[in-house]
Amino acid sequence: MVTVAAAATASEAGVYSGPCPARELLDRIADKWTTLIIGVLTEIDTPVRFTELRRAIGGISQKMLTQTLRDLERDGLVVRVVFPVIPPRVEYSLTPLGLTLKEPLGALSLWTERHSADVRKAQEAFDARAQAERSA
């Protein structure tokens, strides 16, 4: 197991370092809205309209979805296709680069499904200890 000190030393120029360019990309990929958008685009596996994405991702605002899709398009992970019809129709899909995130984000999703109950138990135990300490 790598200690925090060892990770910090090994990553002075790596993704754990604030000024590293890869850090910005890691921050984007690790963002909850990004993971959900990429997850939906991966599952559907066909171009998706904005409203379909918004409906599929509970709790995301129109503004946040728009901004995240722009960021993903800028990073080359999502392609936006505008059809010249009235009203305008826009579809989003993953680029070949975006598709490379299917496996790592799929593994993360699987981990959360397998361990969410364990995390919930740990949270409840922590909260109970914290409550007991406040009451003492």
Side-chain angles (χ1 to χ4, degrees):
M1 178 170 241
V2 176
T3 66
V4 174
T9 302
S11 66
E12 287 176 351
V15 295
Y16 300 109
S17 169
C20 175
R23 169 79 175 265
E24 182 180 331
L25 183 56
L26 181 61
D27 289 345
R28 167 111 53 249
I29 293 167
D31 174 75
K32 81 173 181 180
W33 298 123
T34 294
T35 58
L36 292 172
I37 290 168
I38 290 174
V40 168
L41 291 174
T42 298
E43 281 184 17
I44 294 175
D45 199 30
T46 60
V48 179
R49 294 180 73 171
F50 184 91
T51 53
E52 292 174 273
L53 266 175
R54 187 156 180 226
R55 205 174 306 122
I57 302 170
I60 192 167
S61 69
Q62 181 172 335
K63 180 181 177 183
M64 184 55 67
L65 180 56
T66 298
Q67 184 60 53
T68 306
L69 285 168
R70 280 191 190 134
D71 292 340
L72 292 171
E73 183 180 10
R74 181 174 181 260
D75 292 339
L77 301 173
V78 166
V79 64
R80 177 180 183 261
V81 177
V82 180
F83 294 89
V85 295
I86 297 175
R89 189 176 97 212
V90 180
E91 292 181 344
Y92 298 89
S93 58
L94 292 174
T95 65
L97 180 61
L99 284 169
T100 64
L101 289 169
K102 181 177 182 174
E103 185 179 339
L105 291 180
L108 182 60
S109 178
L110 182 60
W111 185 92
T112 60
E113 289 172 10
R114 287 181 179 166
H115 298 286
S116 62
D118 298 329
V119 170
R120 239 184 338 275
K121 285 178 190 174
Q123 291 169 340
E124 290 168 1
F126 179 92
D127 293 346
R129 285 191 309 272
Q131 179 64 34
E133 288 173 8
R134 283 192 297 270
S135 299

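Judged purely by distance below 3.5 Å, without hydrogens or angles, the side chains of Q131 and R134 pair a donor atom with an acceptor atom. A donor-acceptor pair shorter than 3.5 Å cannot be found between the side chains of D127 and Q123.
Connection of L72 to V79 is not established within any shared hydrophobic cluster, with ILVMFWY side chains joined at heavy-atom distances below 4.5 Å, either directly or through further cluster members. Both L25 and W33 sit in one connected hydrophobic cluster of ILVMFWY residues. Membership requires side-chain heavy atoms under 4.5 Å apart, directly or through other members. Side-chain heavy atoms closer than 4.5 Å link hydrophobic residues (I, L, V, M, F, W, Y) into clusters, and following such links, possibly through other members, connects V82 to Y92.
Between atom CG of residue D75 and atom CD of residue E24 there is a gap of 7.0 Å, rounded to the nearest 0.5 Å. Taking CG of L65 as the reference point, atom CZ of R70 lies at 10.5 Å (rounded to 0.5 Å). Here K32 contributes atom NZ and I60 contributes atom CD1; the two are 8.5 Å apart, rounded to the nearest 0.5 Å. Within the model, atoms CE of M64 and CG of D31 stand 7.0 Å from one another, a figure rounded to the nearest 0.5 Å.
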Does the side-chain contact (heavy atoms from CB on, under 4.5 Å) test come out yes or no for L69 and L53, once each step is laid out?
CA-CA 10 Å; L69 285 168; L53 266 175; 4.0 Å; yes

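The minimum heavy-atom distance between S93 and P47, with the atom names listed, is CB-CA, 4.1 Å. Of all heavy-atom pairs between I37 and T68, the closest is CD1-CG2, 3.5 Å.
Taking a 6.0 Å sphere around CD of E52, one finds it holds more than 12 heavy atoms contributed by other residues, nucleotides or ligands. With a 6.0 Å radius and a threshold of 12 heavy atoms from other residues, nucleotides or ligands, F126 has its CZ atom at or below the threshold.
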Please output the side-chain donor-acceptor pairs of residues 95-117 that fall under 3.5 Å, not counting sequence neighbours, one pair per line with the distance.
from, atom 1, to, atom 2, distance (Å)
T95, OG1, G76, O, 2.5
T95, OG1, L77, O, 3.4
T95, OG1, L97, N, 3.3
T95, OG1, G98, N, 3.0
T100, OG1, L97, O, 2.4
T112, OG1, S109, O, 2.6
H115, ND1, D118, OD2, 3.3

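Residue pairs meeting the salt bridge (Lys or Arg N to Asp or Glu O under 4.0 Å) criterion with at least one member in residues 82-95, sequence neighbours excluded: R89-E91.
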